[in-house]
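What follows is one structure encoded as structure tokens, with my remarks underneath.
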Amino acid sequence: MPAPRSLLALVIVSSLVARSALAQEPPATPRLADGMVDLNGVWGAAALPPPIKPTDSIKFLFPVPGVNPESKDVFHGFDNRQVEGRAAAPNKPEYKPEHLERVKYLSDRQGLLDPAFHCRPQGVPRMGPPSQIVQTPGQVVFLYGTSNLFRVMPTDGRPHRADADPSYLGDSVGRFEGNTLVVDVTNFVEDTWLGSDGYFHSENMHVVERFTRNGDTLTYTATIEDPAVLARPWVITPRDLKLSKNPADALLEAPPCVEQDASHIVTLDHH
């Protein structure tokens, strides 16, 4: 006896829904031969826009409330809006009251005092996640394509080095927790900021970074502890990066940073 049309329709619809659900499932998270999650690859790479011909003319319009594009102080207006926006952000480091005046002083003079503006490394965690990860048994290497920097961290259980000098990037050791690489970083110099608004730290800062892979997505976050200046630990907003499938996204050497603007600064606008 043939099945009723309504039943056939229900079976067909259910089959389509099931296929759609399968099609939307994220790819499996790969693992290496040693059982650790595979973090190898170029992460966060985006497709480049088509090349611009010398005869092309492009105009970008960024309407911002409160900023007059015809004003001579348009850049000052943009700076004010950006500073106000960051100040109102729900997630930013909370400093002890006795350090708020210094934060404001540094922020007001960011263009003059921000270490990163003078070609110094941004440091951990301000530099964010790496552009490429190279993983081997017992070791992970981070490559930063925009700054030609790298970090090497053992994952074989060894402790922090006792003989390492303080540095911009600190001393890193890693361990795996399921699909997450946990990187513990200590031994910093004070000459980096947590952000462009004067968010300084002490030499005793302790950072724990987490890199979690789910399918072709890598989620990066970090927790910053610095009881000398922060009222409580700060957990930065997580960032998601996608695995590049394009061989052309292999890293290229970035041009060297040459600071040539400091002597020409005439305002205290942020840069």
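Residue indices begin at 1 and follow the sequence shown. Note that the structure is predicted; figures quoted are calculated from it, not measured.
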Less than 4.5 Å apart, any side-chain heavy atom of [X] and any of [Y]?
X      : Y      : answer
Pro154 : Gln139 : no
Leu106 : Tyr199 : no
Leu32  : Asn40  : yes
Asn179 : Asn214 : yes
Leu143 : Pro130 : no
Gln122 : Ser147 : no
Val140 : Ile133 : yes
Val141 : Gln135 : no

Any side-chain donor-acceptor pair under 3.5 Å between [X] and [Y]?
X      : Y      : result
Asp240 : Thr219 : yes
Thr221 : Arg210 : no
Asn91  : Thr237 : yes
Asp184 : His160 : yes

Q: Begin from the C-alpha positions of Gln132 and Phe142 and carry the test side chain to side chain contact (heavy atoms under 4.5 Å, CB included) through to its verdict.
A: CA-CA 6 Å; Gln132 182 171 354; Phe142 290 168; over 6 Å; no

Nearest heavy-atom pair of [X] and [Y]: which atoms, and what distance?
X      : Y      : result
Val189 : Tyr168 : CG2-N, 3.8 Å
Pro233 : Thr223 : CB-CG2, 4.2 Å
Ser202 : Val229 : N-CG2, 4.4 Å
Pro93  : Leu230 : CB-CD2, 4.0 Å
Gly215 : Pro30  : O-CD, 4.4 Å
Glu190 : Glu203 : CG-N, 3.3 Å

Got a second to check how far [X]'s [atom1] is from [Y]'s [atom2], nearest 0.5 Å?
X      : Y      : atom1 : atom2 : result
Thr146 : Tyr144 : OG1   : OH    : 9.5 Å
Leu218 : Thr212 : CG    : OG1   : 7.5 Å
Trp43  : Ser131 : CH2   : OG    : 13.0 Å
Asp197 : Phe200 : CG    : CZ    : 13.5 Å
Leu149 : Arg151 : CG    : CZ    : 10.0 Å

Q | Heavy atoms of other groups near Glu253 CD, more than 12 under 6.0 Å | A | no

Tell me whether [X] contacts the main-chain N or O of [Y] through its side chain, where contact means a donor paired with an acceptor under 3.5 Å.
X      : Y      : result
Thr180 : Val182 : no
Ser107 : Gly198 : no
Arg109 : Leu113 : no
His99  : Ala231 : no

Do [X] and [Y] share a hydrophobic cluster, counting only Ile, Leu, Val, Met, Phe, Trp and Tyr and linking them when any side-chain heavy atoms are less than 4.5 Å apart?
X      : Y      : answer
Met153 : Val134 : no
Val208 : Val152 : no
Tyr105 : Val103 : yes
Tyr220 : Val235 : no
Val173 : Met36  : no

Q: Kindly indicate, with the supporting measurements, whether the criterion side chain to side chain contact (heavy atoms under 4.5 Å, CB included) is fulfilled by Leu181 and Leu39.
A: CA-CA 9 Å; Leu181 170 64; Leu39 301 180; 3.6 Å; yes

Q) Which residue, Asn187, Asp171, Thr186, forms the side-chain contact (heavy atoms from CB on, under 4.5 Å) with Pro166? A) Asn187

Q: Decide yes or no on ring pair (Phe, Tyr, Trp, His ring centres under 6.0 Å) for Phe211 and Phe176, but give the supporting numbers first.
A: CA-CA 10 Å; Phe211 301 82; Phe176 286 96; over 10 Å; no

Q: Could you check Asp114 against Arg126 for salt bridge (charged side-chain N to carboxylate O under 4.0 Å, His left out), going step by step and ending with a plain yes or no?
A: CA-CA 12 Å; Asp114 188 345; Arg126 186 180 179 185; 2.9 Å; yes

Are [X] and [Y] ion-paired here, with the side-chain N under 4.0 Å from a carboxylate O?
X      : Y      : answer
Lys96  : Asp226 : no
Glu225 : Arg232 : no
Glu177 : Arg175 : yes
Arg213 : Asp216 : yes
Arg120 : Asp191 : yes

(Q) Pair Val183, Val185 - check side chain to side chain contact (heavy atoms under 4.5 Å, CB included), show working. (A) CA-CA 6 Å; Val183 181; Val185 197; 3.8 Å; yes

Q: Show your working on side chain to side chain contact (heavy atoms under 4.5 Å, CB included) between Thr192 and His201 and close with a plain yes or no.
A: CA-CA 8 Å; Thr192 62; His201 64 83; 2.5 Å; yes

Q: Could you walk me through whether Arg102 and Tyr95 pass side chain to side chain donor-acceptor pair (under 3.5 Å), step by step?
A: CA-CA 10 Å; Arg102 182 183 177 188; Tyr95 284 82; over 6 Å; no

